[in-house]
Amino acid sequence: MEENNKIMTLEGVVESVLFSNPENGYIVLDLDVNDDYVTVVGELGNIEEGEVLTVSGEYVRHAKFGMQFRASYCQRKLPATENAILKYLSSGVLKGIGPTLAKRMVDEFGEDTLDVIENSPEELVKVRGITEKKVEEISLEFKRIFGIRALMIFLSQYGIPPSAAVSAWKKWGQYAVEIIKENPYILCGNGIDLPFDKAESMAEKIGFPMDSESRVAAGIIYILTENTYSGHTCLPYDRLKSTAVKFLGISEDLFDRYLESQCYEENLVRYEKGGRSFIYLADYYTAESYIAGRLGVMSSGLKDTGYDYSKLIDIEERAKDITYAEQQRKAISLALSQGFMILTGGPGTGKTTTLKAILSLYEQRGMKVMLAAPTGKAAKRISELTGCEAKTIHRMLEVIFDNNGKPRFKHNDNDPLPCDVMIVDEMSMVDTLLFEALLRALKLSCRLIMVGDSDQLPSVGAGNVLKDMIECGKLPVVQLTEIFRQAQQSCIVTNAHKIVNGIQPDLTRSDSDFFFMQRLDYASASDTVVELVSERLPAAYGYSPSEDIQVLCPSRKGALGVVEMNKTLQMTLNPPEKGKQEVRGIIYNFRCGDKVMQIKNNYDIEWSRNGERGTGIFNGDIGIIIKAVKAESKLFIEFDGRTAEYTYDMLDQLELAYAVSVHKSQGSEFNAVIIPLLGGFEKLYYRNLLYTAVTRAKKLLIIVGSSKAVSTMVANDRRTLRYSCLKDMLDKEI
């Protein structure tokens, strides 16, 4: 689309509504402006045919549908003429009133029809077909609709979107306007989750006190919430205080007073560790304390029986024609005798082989085993490696919705999973809240085997669960360190172990599966990556650019970052063509055939697969666009056989995935991985990020860029600092 960026105002009558999404207020409609129809699009709320609108915005040119008016503001008026009122009521805006009854009402009351419904509903009994009971129903429905409408109009003047108004109405109904006026910051929570700056802007305009507890509490919660996105489950009191005082422009005394009040009301929790106070959001404190308590119970309840399983393991070796190493035998024996263990180790150390033996021996004993992983890719991978069905943790726990429409898990303390053993792979990716939910869904007698590599990057979500469990030193851990002979043939494996131990990898070989291609300027590095993906690897190995090859970038920004590499790769692999449908997003244009990634958990998205239906597409899921409908701004995307529909308002949850960040690649393996490395982002150039990227490659790894950048990353053993008190809680519980 081309835009002329000139803000204009139009007024007219809604002729027809072409598309609307009641959840977020996005709508496409035809507006009759002096007998000239204009297509208007935007988040304007639930609008009906016949309404009079004044809209402000700009004209944009749609490649297929021509000029459209993108509205950023809308003022609504009730229809005033008989024809407009008839059209409005005939549209079905009020339940129980169809075209026939609408015509009778307008014939009876004319231009006063809507005034009668609002102010003198008892007069409606004059209309044939309307009883006293029907009058009451119509009156209540009118108040409900115009309550939402009034709330949308009230909030829109402060730049607050209709989606927030819809949520607020569901929460507080007819009292919403008064409640919000009393405390605009209430919109930051309660399932509405309005960004703090939006509530702050509204509060300033209505003269809300800057030193009120509501504002300070919302500001503190905002700071803590923002820090969860950096992996922190809590913050040190002193750091939180200095940040909040500066951010909110308040005194230290005011901060302390309201912090204590919020802790007293249990919205926040203070935890003492090592002579230092840490402040939690209530959900994260509950999660970490529950994890510590539950693992403490499992540690004491699932004791090592000390039984010698050597003969049983010998039989398994003969049956599988395999010889287990000493640490593998120890892990298998501990899994059988205690049933509570962390199995860790790098690539090529036999974690999967050990896990297959554990699975086999559990099943031989008639125990029901469930196998879980944090992401769809990780679940698919472990299923293929073990031959046993694995599910994502989300899918296993089954997402359902409560009475307020908020997602929760079906399986919990009251409805545990039907298994005797839970095995979780890729534990380094499991965050605090997800691990709490999983533990709550396990029977007290259920065994738990956790498998992961603690040298990989921590979870995308807040917490450092695997690392904290290992470092507390009180849980049974078996670490596999021996690299098996077959794995020693792979330079990917041997170099990965060098990297994690601070030794420079061998970049000179050209006869193995690990290659380095020196490119010392951004243009040639980018060109080389594109050439490898689009031509050289498909020609040499038969690899599919979308299914087999993955570009992994340390950073989102820069010429070799995720965004620019995606745009460059898309232009080569899937360029715009005449007749190829395309939907415009915020950063990218999405086309049929594009490889895309979901970048946030969405429990609401419906999907289908061979007659099976379900909900939920989650952060890190990668799919292919199989259909793009430009006229409706819709995409149909296939995620590992599940087809989901995306509308215009959901596009901000998608990114192109020809290139993804190393963080987003966790839990996945790809036949070929290409890593562009050329410096410029020192904060992101550290050892376990490079180690994680290298270990994503199954058959081929190519680094394109500077050997100096590789050396810098290997030498930098900086670990991402994450504030958490789980390790301390485990020390106290076990």
Side-chain angles (χ1 to χ4, degrees), residues 377 515-519 521-577 580-599 620-626 628 635 637-639 646 651-666 668-678 680-681 684 693-694 696-706 709:
K377 286 284 185 184
F515 297 90
F516 172 74
M517 302 177 71
Q518 180 159 294
R519 300 291 185 273
D521 64 272
Y522 291 112
S524 62
S526 177
D527 289 346
T528 299
V529 171
V530 173
E531 186 184 356
L532 286 166
V533 175
S534 62
E535 299 175 22
R536 293 174 65 173
L537 297 189
Y541 299 93
Y543 287 158
S544 159
S546 59
E547 294 180 13
D548 298 312
I549 306 170
Q550 186 61 60
V551 177
L552 299 183
C553 306
S555 171
R556 286 185 54 78
K557 300 178 181 178
L560 297 177
V562 170
V563 174
E564 288 305 315
M565 286 306 311
N566 265 320
K567 290 180 178 178
T568 305
L569 286 163
Q570 183 195 40
M571 189 55 67
T572 300
L573 297 169
N574 193 23
E577 294 175 6
K580 183 182 286 185
Q581 293 281 287
E582 179 178 295
V583 174
R584 182 180 181 181
I586 296 172
I587 299 175
Y588 304 109
N589 291 340
F590 297 104
R591 304 179 189 119
C592 189
D594 274 335
K595 181 179 181 180
V596 293
M597 174 184 280
Q598 173 77 12
I599 59 171
D621 285 354
I622 291 178
I624 301 292
I625 298 175
I626 57 174
L635 298 175
I637 305 171
E638 185 175 295
F639 296 92
Y646 282 69
L651 297 185
D652 61 345
Q653 300 175 33
L654 286 176
E655 288 192 347
L656 291 177
Y658 300 106
V660 302
S661 69
V662 178
H663 283 84
K664 291 287 189 183
S665 73
Q666 287 176 267
S668 299
E669 271 193 343
F670 311 94
N671 283 330
V673 167
I674 302 169
I675 310 171
L677 287 180
L678 200 54
F681 296 94
L684 292 170
V694 168
R696 300 307 90 211
K698 198 158 43 170
K699 297 180 180 178
L700 182 67
L701 187 285
I702 304 173
I703 297 176
V704 177
S706 157

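Atom CG of Asp621 is separated from atom CD of Gln653 by 12.0 Å, given to the nearest 0.5 angstrom. Note that CZ of Phe670 is 14.0 Å distant from CG of Leu700, once rounded to the nearest 0.5 Å. Interatomic distance, Tyr646 OH to Asp652 CG, rounded to the nearest 0.5 Å: 10.5 Å. Rounding to the nearest 0.5 angstrom, the gap separating the OH atom in Tyr588 from the CG atom in Asn566 is 4.0 Å. Here the OG1 atom belonging to Thr568 is positioned 10.5 Å from the CG atom belonging to Leu573, to the nearest 0.5 angstrom. One finds the CD atom of Glu564 at 10.5 Å from the SG atom of Cys553 (value rounded to the nearest 0.5 Å).
At least one side-chain heavy atom of Pro554 sits less than 4.5 Å from a side-chain heavy atom of Leu677. The closest side-chain heavy-atom distance from Leu552 to Val660 is below 4.5 Å. Put simply, the side chain of Asn589 does not reach to within 4.5 Å of the side chain of Pro576, judged on heavy atoms. Using a 4.5 Å heavy-atom threshold, the side chains of Met517 and Ile703 count as separate. Here the side chains of Lys567 and Ile587 are in contact, with some heavy-atom distance below 4.5 Å.
Smallest separation of non-hydrogen atoms from Val551 and Pro676: CG1-CD, 4.0 Å. Shown here for Gly593 and Asn574, the closest heavy-atom pair between the two residues is C-ND2, 3.7 Å. Of all heavy-atom pairs spanning Ala628 and Val583, the tightest one is CB-CG2, 4.4 Å. Tyr522 and Ala559 get closest at one heavy-atom pair: CB-CB, 3.9 Å. A pairwise comparison of heavy atoms in Leu678 and Asp521 identifies CD2-C, 3.5 Å as the closest pair.
Side-chain N or O atoms of Asn671 include none that pairs as donor or acceptor with a backbone N or O of Lys698 at under 3.5 Å. Although no hydrogens or angles enter the test, the distance criterion places no donor-acceptor pair under 3.5 Å between the side chain of Glu655 and the main chain of Val563. Distance alone, capped at 3.5 Å, is enough to place a donor-acceptor pair between the Lys580 side chain and the Pro575 backbone. Side-chain N or O atoms of Arg556 include none that pairs as donor or acceptor with a backbone N or O of Ser661 at under 3.5 Å. The backbone N or O of Tyr658 lies less than 3.5 Å from a partner atom in the side chain of Gln550, making a donor-acceptor pair.
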Please tabulate, for the side chains in residues 525-542, all donor-acceptor contacts under 3.5 angstrom to protein atoms that are two or more places apart in sequence or on a different chain.
unit_1: Thr528; atom_1: OG1; unit_2: Arg519; atom_2: NE; d: 2.8
unit_1: Thr528; atom_1: OG1; unit_2: Ser524; atom_2: O; d: 2.8
unit_1: Ser534; atom_1: OG; unit_2: Val530; atom_2: O; d: 2.7

| message | Using side-chain contact (heavy atoms from CB on, under 4.5 Å), reason through Met597 and Lys664 one step at a time and then give a plain yes or no. | response | CA-CA 9 Å; Met597 174 184 280; Lys664 291 287 189 183; 3.8 Å; yes
Passes side-chain contact (heavy atoms from CB on, under 4.5 Å), Leu654 versus Ile637? Steps please.
CA-CA 11 Å; Leu654 286 176; Ile637 305 171; 3.5 Å; yes
Steps toward side-chain contact (heavy atoms from CB on, under 4.5 Å) verdict (Leu651, Leu635)
CA-CA 9 Å; Leu651 297 185; Leu635 298 175; 3.7 Å; yes
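The neighbour count for Lys699 NZ, taken as heavy atoms of other residues, nucleotides or ligands under 6.0 Å away, does not exceed 12.
Under the salt bridge (charged side-chain N to carboxylate O under 4.0 Å, His left out) criterion, Glu582 pairs with Arg591, sequence neighbours left out.
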